[in-house]
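All remarks here apply to the structure that follows.
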There are 2 protein chains.
Amino acid sequence: MSATYLHPRPALTVDCVIFGLNTGLDELWVLLVERGQKPFKGRWAIPGGFVRVGESLETAARRELDEETGLRDVFLEQLYTFGEPDRDPREHVVSVTYYALVNLDDYELEAGTDAKKAAWFPVKRREKELAFDHRRILDVALARLRGKLSYQPVGFELLPRKFTLSQLQRLYEIILEQPVDKRNFRKKVLAMGILRDLGEVQENVRHRAAKLYAFDEKAYRQKEKAGFHFEL
Amino acid sequence: MSATYLHPRPALTVDCVIFGLNTGLDELWVLLVERGQKPFKGRWAIPGGFVRVGESLETAARRELDEETGLRDVFLEQLYTFGEPDRDPREHVVSVTYYALVNLDDYELEAGTDAKKAAWFPVKRREKELAFDHRRILDVALARLRGKLSYQPVGFELLPRKFTLSQLQRLYEIILEQPVDKRNFRKKVLAMGILRDLGEVQENVRHRAAKLYAFDEKAYRQKEKAGFHFEL
DNA sequence: TTACTTAGTGTCAAAAGAACACTAAGTAAA
DNA sequence: TTTACTTAGTGTTCTTTTGACACTAAGTAA
């Protein structure tokens, strides 16, 4: 299994920042796993692991995601590659990072199949004592998410397939941390024409039930080709 | 010099897409080097090379840039990391790519100090026969550049330090491939308050000399902190 | 029946964006 | 020295977009 090379190489890992929103829609969460070995044993870290030879980076990221948290088929996008030689005390380890967006309810309490402890942390808590440079990675991921949210339709990945306009609005308010005008928001979103009115309403709510919508990806792709640019 | 590891590792390289604009301001150019060895011997490629252990990714990128093209102290930003296992026929090579922006005149004809052939190619020519997946990388870089141009003040990196508003406008027209209204453009740019009027005018032009401006980075940074967002 | 909660809707004023054409200043050539 | 040529530089108007703002509708629970 060991390998010898003419020149030394840095080790290569993938790490995934996983953002989640619960249906209560009160906060943005990030999924962390507790490290079982040194270094940083007992510290919380974003899930990840070594890239295998012959495996693409995204494949590696999805494999690690599955192994460490049980998550599959989620939205996943490359974030940034960190390669400071001292970011891992053992040796030079370069990490290609990804960020994932999931709806918490679809996966709630999926404790690591890998016997590792996994838990959701509120992003706002800004947990300081993360392993390696993971605090930094999380900050970069959050900045990216905030940026993307405004000009790419990624927010829907954090909601259940069927959602109300109020839920979508709250998502934007929570992540961007600024209030949004209800009427203006609804006008703008609906005017884009990328939501499908499902003709259904919420159930089991103790107030007027809101209409349910779904993101219409086909419509979005078509409009995009025609020069349309998402913006919220 | 050789090294043995418990598990096999992909090789790790950095590659740099270098965009340049000449003062003639007629086209966007990309700097390519001719490969001297297999694989893809004789093909044009974007400059790059292996990351050394103990060296940060950006350091590696700047080192390779200097070695292969003589460029130093240029604007450089990470682009994307490509890791498909078959992108290099020899073995699994993961490439962290960067893109650089330079003013062609500052460096014109800096043929490789490394005895390698280097040449500027018009981006629009969309040279097909590049080594490895470099065609793809170039496409990603161009898309990124186009995106950045609109909401980050990176265009100035392609101009000489002192430039005219017409030059700046032409830059946007060339890269975004769409005409811009002169009066509206000037109003918008000047209204941002991030250009310093140098109180100088062009020399050696056979028509009315235009005023020279410089990007005022300090002003930009301050405004940015105060919530200002660049947009053109 | 009443109280409570969230859903859903339109108008107006301000700001930003888009369209548009001429004069000014300099050089070069007749 | 006049004329032609080239690029610099400038305002106004109309249209579109954005932002501020408050009430009624529909349902549940007490």
Side-chain angles (χ1 to χ4, degrees), chain A residues 22-26 149-151 159-160 162-174 176-214 223 226-232, chain B residues 22-26 149-151 159-160 162-174 176-214 223 226-232:
Chain A
N22 50 346
T23 293
L25 281 182
D26 48 351
L149 213 52
S150 304
Y151 64 93
L159 293 174
K162 301 174 177 186
F163 54 85
T164 71
L165 293 183
S166 293
Q167 288 172 337
L168 185 61
Q169 180 182 340
R170 240 167 294 156
L171 182 158
Y172 275 83
E173 292 179 320
I174 289 168
L176 301 181
E177 289 182 328
Q178 54 186 357
V180 171
D181 180 90
K182 189 175 174 180
R183 283 178 285 191
N184 293 338
F185 180 82
R186 293 162 101 95
K187 259 182 292 177
K188 204 167 172 184
V189 172
L190 292 176
M192 284 195 288
I194 57 171
L195 294 190
R196 241 198 353 273
D197 182 337
L198 296 173
E200 301 172 52
V201 295
Q202 286 180 304
E203 283 173 15
N204 305 320
V205 286
R206 55 183 185 183
H207 54 77
R208 175 172 177 181
K211 286 208 226 175
L212 291 170
Y213 293 85
K223 281 173 179 275
F228 164 83
H229 288 288
F230 177 93
E231 193 183 341
L232 266 182
Chain B
N22 51 345
T23 293
L25 282 182
D26 49 348
L149 212 54
S150 305
Y151 64 91
L159 293 175
K162 302 174 178 188
F163 54 84
T164 71
L165 293 183
S166 291
Q167 288 172 337
L168 185 61
Q169 180 182 340
R170 240 167 293 156
L171 182 159
Y172 275 85
E173 291 178 321
I174 290 168
L176 300 181
E177 289 182 329
Q178 53 186 358
V180 170
D181 180 89
K182 189 175 175 182
R183 283 178 285 191
N184 293 337
F185 181 81
R186 293 163 101 95
K187 259 181 293 177
K188 204 167 171 183
V189 172
L190 292 176
M192 283 195 288
I194 58 172
L195 294 190
R196 241 198 353 274
D197 182 338
L198 296 174
E200 301 171 52
V201 295
Q202 286 180 305
E203 283 172 15
N204 305 320
V205 286
R206 54 182 186 185
H207 54 75
R208 174 174 178 179
K211 286 208 226 175
L212 291 170
Y213 292 86
K223 280 173 180 274
F228 164 83
H229 288 288
F230 177 93
E231 194 182 339
L232 266 181

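All figures in this text were calculated on a predicted structure; none of them were measured in a lab. Keep in mind that the numbers below use all heavy atoms, side chains included, and drop hydrogens, waters and symmetry copies. Order of the sequence lines sets the chain letters (A, B, ...), proteins ahead of strands, with each chain counted from 1.
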The single option from A/Q202, A/Q169, A/K211 passing side-chain contact (heavy atoms from CB on, under 4.5 Å) against A/T164: A/Q202
Pairing pattern in dot-bracket form [Watson-Crick, G-U; both distances under 3.5 Å; | = partner strand] for DNA chain D: ||||||||||||||||||||||||||||||
Between atom CG in B/N204 and atom C1' in C/dA25, what is the gap in whole Å? 16 Å
Can you tell if the side chain of A/L232 reaches within under 4.5 Å of the side chain of A/V180, non-hydrogen atoms only? no
Looking at every non-hydrogen atom in both residues, tell me the closest pair between A/L165 and A/V189 and how far apart they are. CD2-CG1, 4.4 Å
In this structure, how many angstroms lie between the C1' atom of D/dT7 and the CZ atom of B/R186, rounded? 10 Å
Measure OH/B/Y213 against C1'/D/dA8 and give the value in whole Å, please. 10 Å
Distance col, row A/L168:CG vs A/Y213:OH, nearest 0.5 angstrom, shows 11.0 Å
Select one nucleotide: of D/dT28, D/dA8, C/dG8, the one nearest the side-chain heavy atoms of A/A210. C/dG8
Supply the atom-to-atom distance A/L159 CG to A/Q167 CD, rounded to the nearest 0.5 angstrom. 6.5 Å
Check this for me: does the side-chain of B/R208 come within 3.5 Å of the base of C/dA25 through a donor and an acceptor? no
Counting C-beta onward and ignoring hydrogens, is there a side-chain heavy-atom pair between A/L171 and A/L149 closer than 4.5 Å? yes
Should the side chain of A/K182 and the base of C/dA7 be counted as holding a donor-acceptor pair, with the cut-off at 3.5 Å? yes
In this structure, how many angstroms lie between the P atom of C/dT6 and the CD atom of A/Q167, rounded? 13 Å
OP1 or OP2 of C/dA7 versus the side-chain N and O atoms of A/S166: is any pair under 4.0 Å? yes
Whole angstrom is fine here: how far is it from NE2 in A/H207 over to P in C/dA3? 20 Å
With a 4.5 Å limit on heavy-atom distance, are the side chains of B/D197 and B/L190 in contact? no
Report the distance from atom OH of B/Y151 to atom OH of A/Y151, rounding to the nearest 0.5 Å. 4.0 Å
Counting primed atoms plus P, OP1 and OP2 as sugar-phosphate and everything else as base, spell out the protein contacts along nucleotides 11-19 of chain D at 4.0 Å heavy-atom distance: B, S or - for each nucleotide, 5' to 3'. BB------B
Taking atom C1' of D/dT28 as reference, at what distance in whole Å does atom CD of A/Q202 sit? 13 Å
Gap between atom NZ of B/K162 and atom CZ of B/R196 - 0.5 Å precision: 10.0 Å
Between C1' on C/dT6 and CG on A/L212, what's the gap in Å once rounded to a whole number? 14 Å
Taken to the nearest whole Å, CG/A/L168 to P/C/dA7 is 13 Å
